[in-house]
2 protein chains.
Amino acid sequence: MKLAKQFFLVALCIASLSLPAFAAADPLPSWNDTAPKKAIVTFVERVTKSGSPEFVPPAERIATFDQDGCLWAEQPMYAQLAFALDRVKALAPQHPEWKEKQPFKAALEGDVKTVFAGGEHALLELVMATHAGNTTEEFGQTVKEWIATARHPKTGRLYTEMVYQPMLELLAYLRANGFKTFIVSGGGIEFMRPWTEKVYGIPPEQVIGSSIRTKFEVRDGKPVLVRLPEINFIDDKAGKPVGIQQHIGRRPIAAFGNSDGDFEMLEWTTAGPGPRLGVYVHHDDAGREWAYDRKSPIGRLDRGLDEAAKRGWVVISMKSDWKVIFPFGKR
Amino acid sequence: MKLAKQFFLVALCIASLSLPAFAAADPLPSWNDTAPKKAIVTFVERVTKSGSPEFVPPAERIATFDQDGCLWAEQPMYAQLAFALDRVKALAPQHPEWKEKQPFKAALEGDVKTVFAGGEHALLELVMATHAGNTTEEFGQTVKEWIATARHPKTGRLYTEMVYQPMLELLAYLRANGFKTFIVSGGGIEFMRPWTEKVYGIPPEQVIGSSIRTKFEVRDGKPVLVRLPEINFIDDKAGKPVGIQQHIGRRPIAAFGNSDGDFEMLEWTTAGPGPRLGVYVHHDDAGREWAYDRKSPIGRLDRGLDEAAKRGWVVISMKSDWKVIFPFGKR
């Protein structure tokens with residue numbers, strides 16, 4: 001065993017010694033050499049240069065990422081809403097009353113427009129009916145099965161393929177430079193955790209999101225956490241800095257978002273001392289993805305577009321700054 | 001630069017190659033070779049042996065630790081209560097009414113007995129008056145200043161010296177074996193975070209505790225998180241598994257506590273599949289520390305003592321299993 005360990009270490013060392021050669025390769029190959037890429041690389045070089053007054057110790061290199069519209073596509077509707085609608089269909093046999101009751105009737109008929117017309121209240125009812133009442137383990141299993149098979153309505157791809165290739169490279173680049181990467185999403189925390197490690201390299205403990213309450217119970221001698229139909233926390237807008245403090249306990253030095261729901265996260269992040277990076281992904285590529293901003297009900301970016309320049313935040317044009325959008329579109 | 005990097009890597013390799021030699025040294029030198037140490041080492045060997053059916057991937061090697069009475073002393077009163085009493089004194093000039101108002105009057109007079117006589121309500125009032133109303137950054141700074149100077153009433157040592165040397169070794173041993181170590185305490189999350197990294201090697205994002213609500217605000221153009229006088233979460237008893245799921249999102253494989261407040265955490269942890277480790281620190285050393293269990297108002301251990309054996313949990317006798325208690329008592 002010890003000999004094997006030594007061989008392994010020697011192999012590791014050989015690999016390490018050849019790192020400087022590899023380091024010359026572009027870590028962000030899907031990014032055009034435009035201003036956003038330069039701003040990101042310059043920022044990373046500033047905070048990682050040891051001896052520099054701007055050096056940030058690895059423990060403090062916290063980077064937070066919104067998910068919907070920042071790491072993966074959010075059009076034509078949030079993946080989690082598609083999940084909720086599919087769950088309504090799966091659970092319908094146990095709820096014959098849903099056939100005549102809104103918003104379930106509309107959900108069963110695939111009439112998303114009517115579901116939306118019910119406003120926040122209708123969506124909350126859908127979420128509670130489909131996300132609560134089970135245990136954390138049961139819910140995690142349901143999400144795992146859904147995400148492994150559900151297909152995006154427009155592309156027919158798995159949702160986990162609808163991720164942005166340039167952002168995958170960015171996550172890896174930051175981690176290679178000692179950053180700890182977190183998701184800070186308005187989406188459900190337990191809807192993301194079952195698959196973020198595999199898809200983004202982000203483990204469950206680095207996922208922050210909205211949540212419902214849970215309750216510890218012992219059922220037939222077996223402890224379980226039961227998911228209750230009550231909101232615990234909404235991780236959106238002014239809730240994002242609150243969620244960040246609750247989970248991480250320190251202010252990020254870099255934050256990435258794509259909508260006004262991320263404004264306060266970028267504001268909180270970039271108000272700290274020393275070098276800071278605030279970045280918006282702007283959806284302006286109707287050909288390869290979608291084009292939407294100020295008027296979109298999903299992922300509205302209005303105030304953010306107005307204030308980004310004066311606040312020194314970087315705005316990524318998906319159309320001009322990214323060579324490819326999705327991994328399946330890699331050249 | 002590149003040359004320097006290569007030299008560094010060579011040095012690193014030499015260090016790595018000599019690791020097997022060091023590995024022979026006992027990683028738990030302050031532990032007697034009694035059953036608890038053997039149980040811990042056996043568990044770690046089982047879950048880290050690659051190829052074994054009991055192997056646990058590093059990402060799933062989550063170990064959770066209670067703080068008060070498990071990592072540091074909690075007698076004659078919780079350090080956080082001492083902090084609250086000191087804060088009452090510091091804030092008294094701004095609150096002349098406290099001179100005549102309980103529980104503040106008793107706190108100002110150092111009459112802890114009367115404070116306690118007021119029950120949970122009195123303690124909650126003290127906590128809210130001393131922990132809320134400021135920003136997260138102001139509160140963190142206050143804690144930092146207090147913890148750097150406040151002395152334990154019995155030993156005159158800094159509170160951060162009142163930590164258990166065997167547990168410091170255990171934390172380091174687990175991390176050296178790929179574990180991620182978390183604190184899961186009934187104490188205030190923001191009371192611990194400013195110093196746990198330095199004292200235990202546990203960064204703020206791996207600290208879970210009780211909390212009050214916070215609110216994001218922009219004051220004179222500067223974003224702040226204001227601490228509100230409202231309970232957000234109580235991380236004790238059945239709250240511990242809830243807090244663990246909320247923050248970590250997966251079940252630990254090892255959990256360490258010392259009171260009935262940790263029972264549900266050990267129960268939740270050890271109910272999972274595969275090898276599991278549940279450990280109680282039993283305070284039975286009146287000479288070197290304190291002896292208390294079933295009848296103690298602080299750190300009561302009653303049900304846990306009754307059920308540990310039948311649940312396969314390890315009980316550490318501080319008297320018999322630890323060679324030293326505190327770092328300053330190291331031989």
Side-chain angles (χ1 to χ4, degrees), chain A residues 1-3 5-6 9-10 12-14 16-17 19-21 23 59 62 136-137 140 180 182 189-190 192-194 196-197 203-208 211 213-218 221-225 232-233 237-242 244-251 264 267-271, chain B residues 1-3 5-6 9-10 12-14 16-17 19-20 23 59-60 62 136-137 140 180 182 189-190 192-194 196-197 203-208 211 213-218 221-225 232-233 237-242 244-251 264 267-271:
Chain A
M1 262 322 277
K2 281 210 175 147
L3 201 64
K5 200 166 174 185
Q6 282 210 341
L9 285 165
V10 170
L12 197 77
C13 287
I14 292 166
S16 311
L17 288 174
L19 263 182
I62 304 286
T136 49
E137 297 205 328
K180 218 168 181 174
F182 287 79
I189 190 166
E190 301 299 354
M192 298 181 278
R193 281 171 158 168
T196 53
E197 187 152 29
E205 63 268 26
Q206 285 162 227
V207 176
I208 305 170
S211 57
R213 285 191 191 280
T214 62
K215 186 172 171 268
F216 179 85
E217 264 182 36
V218 179
K222 202 182 156 242
V224 291
L225 288 169
N232 177 58
F233 182 65
K237 301 189 177 77
K240 289 205 173 192
V242 171
I244 286 170
Q245 180 62 28
Q246 218 162 315
H247 283 257
I248 311 178
R250 50 184 150 202
R251 200 193 295 239
E264 287 84 353
E267 186 177 29
W268 173 243
T269 300
T270 56
Chain B
M1 261 321 277
K2 279 208 175 149
L3 202 63
K5 199 166 175 185
Q6 281 211 341
L9 285 165
V10 169
L12 196 78
C13 287
I14 292 167
S16 311
L17 288 173
L19 263 183
E60 292 167 25
I62 304 287
T136 48
E137 298 205 327
K180 217 167 182 174
F182 287 80
I189 191 166
E190 301 299 353
M192 298 181 279
R193 282 172 159 167
T196 53
E197 186 151 32
E205 63 268 27
Q206 284 162 228
V207 176
I208 305 170
S211 57
R213 284 192 191 278
T214 62
K215 187 173 172 267
F216 179 85
E217 265 182 35
V218 179
K222 202 181 154 242
V224 292
L225 288 168
N232 177 57
F233 181 65
K237 301 190 176 79
K240 289 205 174 192
V242 171
I244 287 170
Q245 180 62 29
Q246 217 163 312
H247 283 256
I248 310 178
R250 50 184 148 203
R251 201 193 295 239
E264 287 85 353
E267 187 177 27
W268 173 244
T269 299
T270 57

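First the proteins, then the strands, lettered A, B, ... as listed; each starts at 1.
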Legend entry - chain A interface, residue from B:Lys240, B:Lys237, B:Glu190, B:Glu217 that has the most non-hydrogen pairs under 4.5 Å: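 If we count pairs closer than 4.5 Å to chain A, B:Glu190 comes out on top.
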Legend entry - Top contributor to chain A interface from B:Glu264, B:Arg250, B:Arg251 [non-hydrogen pairs under 4.5 Å]: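 The option with the most such pairs is B:Arg250.
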Inset, instruction - Measure the spacing between CD1 of B:Ile208 and CD of A:Gln246 and express it to the nearest 0.5 Å. - result: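 So the CD1 of B:Ile208 and the CD of A:Gln246 are separated by 11.5 Å.
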Which pair of heavy atoms, one from [X] and one from [Y], lies closest together, and at what distance?
{"X": "A:Ala238", "Y": "B:Phe216", "answer": "O-CB, 3.5 Å"}
{"X": "A:Gly221", "Y": "A:Pro223", "answer": "O-CD, 3.8 Å"}
{"X": "B:Arg193", "Y": "B:Pro204", "answer": "NE-O, 2.9 Å"}

Name the region of [X], side chain, backbone, both or neither, that has any atom closer than 4.5 Å to a heavy atom of chain A.
{"X": "B:Phe233", "answer": "neither"}
{"X": "B:Ser211", "answer": "neither"}
{"X": "B:Ile248", "answer": "both"}

Inset, instruction - Considering only heavy atoms and a distance below 4.5 Å, find which of A:Arg213, A:Lys215, A:Gln245 pairs most often with chain B. - result: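 Greatest number of close heavy-atom pairs with chain B: A:Gln245.
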Legend entry - Greatest number of heavy atom pairs closer than 4.5 Å to chain B - which of A:Lys180, A:Gln206, A:Lys222: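 Heavy-atom pair counts peak at A:Lys180.
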Legend entry - side chain to side chain contact (heavy atoms under 4.5 Å, CB included) evaluation trace for A:Ile189 with A:His247: CA-CA 12 Å; A:Ile189 190 166; A:His247 283 257; 3.9 Å; yes
Legend entry - A:Phe182 side chain reached by A:Ile244 side chain, heavy atoms, under 4.5 Å: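 Side-chain contact under 4.5 Å: no.
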Legend entry - chain B contact via A:Val218 - side chain, backbone, both or neither, heavy atoms under 4.5 Å: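 For A:Val218, the side chain is the part near chain B, not the backbone.
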